[in-house]
Peer 1: 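Below you will find the structure I want to go over with you.
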Amino acid sequence: MPDNFSAFSSPDDPAGRRSAVYAIMAQIPPGKVISYGELAALAGLGRAARWVGRLMSQLPDDTTLPWHRVIAAGGRLSLPAGSAAGAEQRARLRAEGLTIVKDRVDMRRHGWRSTESSG
DNA sequence: CGAAGGGCAGTTT
DNA sequence: CAAACTGCCCTTC
């Protein structure tokens, strides 16, 4: 029930959306991952998945947010391993115990409960 | 049936 | 209007 997030942010406030996304990211547990779309949806942005990724790029280098736990849908890694962020994501994810195969992660095991059905 | 890869479309800046 | 760290559907192995 992401409706609660509206308590500290309003969808009408462009600045509030960012705070919402940051809040969701901070809620992502270690060893798990979430997709931009879900992150956007949970933040109340709806289908603004692209916008979330954009927000990541805007993140500062001194950010303490687990942005590396945010990946594409289905556990797909869009970030190129040749990029600093791309290599960083894979490096950090694996450091948490994830299993990356062919730029793919097991959402069945590492996917956040966002995609969980009943257990 | 399940997993992987490519193309078109929605949202925000 | 155009661009961007995406998402879902279809097809192939």
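Worth knowing before you read on, the calculation uses all heavy atoms, side chains too, and leaves out hydrogens, waters and symmetry mates. Numbered from 1 within each chain, the chains take letters A, B, ... in sequence-line order.
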Peer 1: Is it the case that the side chains of A/His110 and A/Glu96 hold a donor-acceptor pair, with the cut-off being a distance below 3.5 Å and no angle test?
Peer 2: no
Peer 1: Closer to the 5' end of DNA chain C via nearest nucleotide, is it A/Arg76 or A/Leu79?
Peer 2: A/Leu79
Peer 1: I need the NZ-P distance between A/Lys102 and B/dA4, as an integer number of Å.
Peer 2: 8 Å
Peer 1: Would you mind reading off the distance between A/Leu77 atom CG and C/dG7 atom P, rounded to a whole angstrom?
Peer 2: 12 Å
Peer 1: Does any N or O in the side chain of A/Arg69 come within less than 3.5 Å of the main-chain N or O of A/Ile28, such that one atom is a donor and the other an acceptor?
Peer 2: yes
Peer 1: Verify the contact: side-chain N or O of A/Ser35 to OP1 or OP2 of C/dT6, cut-off strictly under 4.0 Å; return yes or no.
Peer 2: no
Peer 1: Examine distances only and state if a side-chain atom of A/Gln27 and a backbone atom of A/Tyr22 form a donor-acceptor pair shorter than 3.5 Å.
Peer 2: no
Peer 1: Between P on C/dT6 and CD1 on A/Ile71, what's the gap in Å once rounded to a whole number?
Peer 2: 12 Å
Peer 1: Measure from CZ on A/Arg108 to P on B/dC1 and round the result to the nearest Å.
Peer 2: 15 Å
Peer 1: Have a look at A/Ala85 and say if it touches a base, only the backbone sugar-phosphate, or nothing, with a 4.0 Å heavy-atom cut-off.
Peer 2: base
Peer 1: How close or far is atom P of B/dT11 from atom CG of A/Leu39, stated in whole angstroms?
Peer 2: 17 Å
Peer 1: Is any side-chain heavy atom of A/Val33 closer than 4.5 Å to a side-chain heavy atom of A/Ile71?
Peer 2: yes
Peer 1: Nearest whole angstrom, please: distance from the C1' of C/dC9 to the CZ of A/Arg47.
Peer 2: 13 Å
Peer 1: According to the Watson-Crick and G-U wobble definitions, with both distances under 3.5 Å, which nucleotide is paired to B/dG10?
Peer 2: none
Peer 1: Would you tell me if any nitrogen or oxygen in the side chain of A/Trp51 comes within less than 4.0 Å of OP1 or OP2 on B/dT13?
Peer 2: yes
Peer 1: Which comes earlier along DNA chain B counting from the 5' end, the contact point of A/Arg50 or that of A/Gln58, where each point is its nearest nucleotide?
Peer 2: A/Arg50
Peer 1: Which of these nucleotides, C/dC5, B/dT11, B/dA4, is closest to any side-chain atom of A/Arg104?
Peer 2: B/dA4
Peer 1: Specify the separation, in whole Å, of atom CG of A/Leu55 and atom P of C/dT6.
Peer 2: 13 Å
Peer 1: To the nearest angstrom, how far is A/Gln89 atom CD from C/dT6 atom P?
Peer 2: 10 Å
Peer 1: Without swapping roles, check the side chain of A/Arg90 against the backbone of A/Leu79 for a donor-acceptor pair under 3.5 Å.
Peer 2: yes
